[in-house]
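Beneath this line is the structure, given in structure tokens, with notes to follow.
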Amino acid sequence: MVEGAAYPSPRRGRPGRRPAVSTTVTTPELPAFVESRQARSQRISTSVLIAVVGLLLLGLAFNAKGAARFALSDAFDEVQLPEITLPGMPVVLVCALACLVCGGLLFRGRLPVRVRRILGAVAGVAVVLGFLTWAASGRDLPFPMSNQFNGTLNLATPLILGALAGVLCERAGVVNVAIEGQFLTAAFAAGIVGSMTKSIPAAMLAAVLAGVLMAALLAVFSIKYLVDQVVLGVVINLLAVGLTGFLFDQLVAPAASQLNSAPLLEAVEIPLLSSIPFFGPILFRQTVLAYLAIVSVVLVWFLLYRTAWGLRVRAVGEHPESADTVGIKVRAMRYQAVLVGGIFAGLGGAFFTIGSTGSFAKELTVGKGFIALAALIMGRWHPVWAAVMALFFGFVTQMSSQMQALSTPVPSQFLELLPYVATVIAVAGLIGRVRAPAADGVPYDK
């Protein structure tokens, strides 16, 4: 008899059948904690970064003098909420210690994924709270929290739309470095058409058409002619800068009153909801483009993960050869994804004229397309997480401008660089190595 085996008695009425044999196989126990080299490297870099920020906050704690006041309402709000007052030095000190503890625990490792995420969230809250408390401590004016979050959503609007354009393109296997060029041409088209027609819908339509045309240029050369997609994106960006700059100097600048005075989007209040204290003005008193950005996140998520079209798009971005064998037209799907992405990029470009300044200037977008590309990568090519990363950049950008208004003892040049520095740190230190779609940037030649 085999050790560990049991022979049950055969069933009656079925003679001649060999009895079933049930064996118990013992397998060696796996280690309780298995971590790949990549995950270990990312964990260590994240923990070290959190600890370094904790040490920075520890140094700032001794310079935080007085109390920090945070205003939850604007001066013009009908309902005035009370201010929140926090002691400067103790709060910054506690936040610094929280970062050091979280960084130390993450460095040790051997923690469940859920615990590591909680530690990361605690460290993030501690960094933001500690830095804001230090910036507001001892100031004559309170830190306007409603302006902070309102500006965050406003600044993140074009980034969300641009990131969604990149998600659609790269999920289909086409690298979109040309978001900056799409932004710029769409902003130019919206400014010109809006100035001529004084119509917001016409300006938005022109921006969408410009974004789709630039997307078509990207699609034709990358999908049909198999041009290197990264180089092509850089060329399209340079083309957009040169073309819009030339047309601006030759046509727009001499007739600025007729061709560079587009109407501005006005905030649309949602009845009842916009009257909610604090949250109402932030979420329900925004422009049409802000609402479209929020709706677009849900729409792109639904298209990619809940429709057959989205399944085909993701299939051609991961395994185009396999998709082709089951009858999916790889090139057609890539064309569709890139052109649909151009719609969102066009809406994002319209923000810079009809949603912000009402006029066009050369190189108006100042690299926001590349920030949208960074948000796409930080969000791991997922529409929801890409939008969250865009909100992160908007939050840091708005915080830097608020700190300048509070006369924080930080050089203004550094405050202007703060959003970009925070983005680089987040990409390099917190996000680590990420895996793009397998066929992203790989031309398909049947």
Side-chain angles (χ1 to χ4, degrees), residues 151-172 174 176-191 194 200-201 203-216 218 233 236-237 240 264-265 268 283 286-304 337-357 364-379 381-395 397-398 419 423:
T152 296
L153 184 57
N154 186 53
L155 293 171
T157 295
L159 303 180
I160 293 173
L161 293 168
L164 294 179
V167 167
L168 287 169
C169 292
E170 301 207 11
R171 277 293 183 179
V174 179
N176 190 359
V177 186
I179 301 175
E180 178 76 5
Q182 291 175 297
F183 275 176
L184 198 56
T185 52
F188 181 81
I200 292 293
M204 293 178 63
L205 179 60
V208 168
L209 290 177
V212 172
L213 286 176
M214 297 300 287
L218 172 67
I236 291 176
N237 290 333
L264 282 173
L265 286 169
V268 178
L283 299 177
Q286 294 291 335
T287 62
V288 173
L289 281 177
Y291 292 131
L292 284 176
I294 297 173
V295 173
S296 297
V297 175
V298 181
L299 177 62
V300 172
W301 173 85
F302 180 80
L303 287 176
L304 285 178
V338 174
L339 294 178
V340 173
I343 297 175
F344 296 105
L347 290 174
F351 172 86
F352 296 98
T353 48
I354 63 175
S356 179
T357 62
L364 178 66
T365 54
V366 291
K368 293 298 189 297
F370 296 107
I371 298 299
L373 183 62
L376 156 70
I377 298 172
M378 292 165 63
W381 291 268
H382 191 282
V384 177
W385 288 113
V388 172
M389 293 300 106
L391 288 171
F392 163 76
F393 181 83
F395 182 87
T397 305
Q398 180 66 15
T423 302

task: Verify side-chain contact (heavy atoms from CB on, under 4.5 Å) between Phe395 and Leu155, making sure each step is shown before the conclusion.
output: CA-CA 8 Å; Phe395 182 87; Leu155 293 171; over 6 Å; no

Nearest-0.5 Å distance, [atom1] of residue [X] to [atom2] of residue [Y]:
{"X": "Asn176", "Y": "Leu168", "atom1": "CG", "atom2": "CG", "value": "10.0 Å"}
{"X": "Phe351", "Y": "Thr365", "atom1": "CZ", "atom2": "OG1", "value": "12.5 Å"}
{"X": "Asn237", "Y": "Thr185", "atom1": "CG", "atom2": "OG1", "value": "9.5 Å"}
{"X": "Leu264", "Y": "Thr287", "atom1": "CG", "atom2": "OG1", "value": "10.5 Å"}
{"X": "Phe393", "Y": "Ile371", "atom1": "CZ", "atom2": "CD1", "value": "4.0 Å"}
{"X": "Leu159", "Y": "Leu373", "atom1": "CG", "atom2": "CG", "value": "11.5 Å"}

Using modelled atom types and a 3.5 Å cut-off, is there a donor and acceptor pairing between side-chain atoms of [X] and backbone atoms of [Y]?
{"X": "Glu180", "Y": "Lys368", "result": "yes"}
{"X": "Ser356", "Y": "Thr353", "result": "no"}
{"X": "Thr357", "Y": "Phe352", "result": "yes"}

Would you name the heavy atoms of [X] and [Y] that are closest together and state the gap between them?
{"X": "Ala186", "Y": "Ala345", "value": "CB-O, 4.4 Å"}
{"X": "Met214", "Y": "Ala240", "value": "CE-CB, 4.2 Å"}
{"X": "Ala215", "Y": "Gly342", "value": "CB-CA, 3.8 Å"}
{"X": "Ala163", "Y": "Leu376", "value": "O-CD1, 4.3 Å"}
{"X": "Ala190", "Y": "Ala207", "value": "CB-CB, 4.0 Å"}
{"X": "Ala375", "Y": "Ala390", "value": "CB-N, 3.9 Å"}

field: Pairwise side-chain hydrogen bond (donor to acceptor under 3.5 Å, both in side chains) hits with a residue in residues 153-172, at least two apart
entry: Glu170-Trp381, Arg171-Tyr305

task: With side-chain contact (heavy atoms from CB on, under 4.5 Å) as the test, would you mind laying out the steps for Met204 and Leu289 before giving the verdict?
output: CA-CA 9 Å; Met204 293 178 63; Leu289 281 177; 3.9 Å; yes

query: Taking the side chain as C-beta and beyond, is there a heavy-atom pair between Met378 and Trp385 under 4.5 Å?
result: no

message: Any heavy-atom pair between the side chains of Val167 and Leu304 that's under 4.5 Å?
response: yes

- line: side-chain contact (heavy atoms from CB on, under 4.5 Å) test vs Pro383 passes for just one of Ile160, Val298, Leu299, Val300, namely Val300

